[in-house]
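Read through the structure below, which is laid out as structure tokens, and then see the notes.
Just so it is clear, the model here is predicted, and its values are computed rather than measured. Because only heavy atoms are used, hydrogens play no part in the values below, and waters and symmetry mates are left out as well, while side chains stay in.
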Amino acid sequence: RISQWAVQKWRCHASDRTEQIDNAMHRLRKAFKEAEPLPKHKLYELRRVLASWSPNAGLGADLWVLQMLATLPDAALRVLLLIIYLVEQGHYPMQLLIVFIGLLPKPKGGERPIALTSMLYRLIIKMRRPIIGSWEHEHHGFWDSAIQGSSPLRAALAHSLRMEAGAAMGFVAIGGLWDVAAFFDSI
């Protein structure tokens with residue numbers, strides 16, 4: 001049912017995009033080899049992240065429960081740090097690549113897809129949150145309104161201000177509005 005949903009919504013057929021995917025993977029591997037190595041995680045950082053995990057978090061696609069990992073002794077957590085290090089070096093266990101897509105019903109009809117990733121993936125991302133946040137801050141574009149601290153109102157006001165400034169300088173300004181309340185249903 002999910003694959004039918006994806007084909008209908010996004011008209012996705014893997015065979016149509018094989019060359020694009022291969023090119024993207026080649027560029028990604030090249031960038032990975034040229035990148036500076038990430039700093040190694042420390043045991044206290046892993047313990048802090050595990051302790052901060054919500055007790056209401058559901059299972060991951062790998063069926064890990066991170067609250068249980070928090071109770072492990074230091075020796076076991078050092079093994080987990082080694083696994084994380086190997087993953088960040090490009091050695092991915094198959095379980096890390098599993099992503100389940102669940103379709104949640106919307107109150108007004110239709111369905112909303114959500115991705116259920118492995119807890120190991122979620123743990124790695126949470127541990128790298130400071131680096132990811134710093135990278136996002138350095139690399140977001142001036143056009144990007146999907147950044148921390150932004151809102152739809154702020155983006156709309158900034159757009160309106162640019163249009164008003166242009167009109168005051170004698171330029172012609174045209175704006176378009178698009179209601180994206182059901183964005184994924186419209187593509």
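Residues P93 and L86 fail the side-chain proximity criterion, which asks for heavy atoms closer than 4.5 Å.
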Would L80 and L123 count as a side chain to side chain contact (heavy atoms under 4.5 Å, CB included) here? Give the steps.
CA-CA 11 Å; L80 179 57; L123 176 62; 4.0 Å; yes
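Under the side chain to side chain donor-acceptor pair (under 3.5 Å) criterion, the residue pairs touching residues 81-98 are H41-E88, E88-R128, with sequence neighbours excluded. A side chain to side chain donor-acceptor pair (under 3.5 Å) check over residues 55-84, counting only residues at least two apart or in different chains, returns the pairs R47-D74.
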Counting only pairs under 3.5 Å, give me each side-chain donor-acceptor contact of residues 96-105, with atom names and distances, residues two or more places apart or in other chains.
none

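Looking at every heavy atom in both residues, L77 comes nearest to L69 through CD2-O, 3.6 Å. Considering every non-hydrogen atom in both L81 and K42, the closest pair reads CD1-C, 4.0 Å.
Note that CE of M25 is 11.0 Å distant from CZ of R27, once rounded to the nearest 0.5 Å. Distance check, rounded to the nearest 0.5 Å: CG of L120 to CG of L66 gives 8.5 Å.
Both M94 and I124 are assigned to one and the same hydrophobic cluster, defined by single-linkage of ILVMFWY side chains at heavy-atom distances under 4.5 Å. The hydrophobic cluster containing I84 also contains I132, counting ILVMFWY residues as joined when their side-chain heavy atoms lie under 4.5 angstrom apart, directly or transitively. Cluster membership for Y121 and L116, using ILVMFWY side-chain heavy atoms within less than 4.5 angstrom, is not shared. One hydrophobic cluster, built from ILVMFWY side chains closer than 4.5 Å, cannot hold both I125 and I131; they sit in different ones.
Under the side chain to side chain donor-acceptor pair (under 3.5 Å) criterion, K126 pairs with S52, not counting sequence neighbours. Residues meeting the side-chain contact (heavy atoms from CB on, under 4.5 Å) test with M68, sequence neighbours left out: V65. Not counting sequence neighbours, R48 has no partner by the salt bridge (charged side-chain N to carboxylate O under 4.0 Å, His left out) test.
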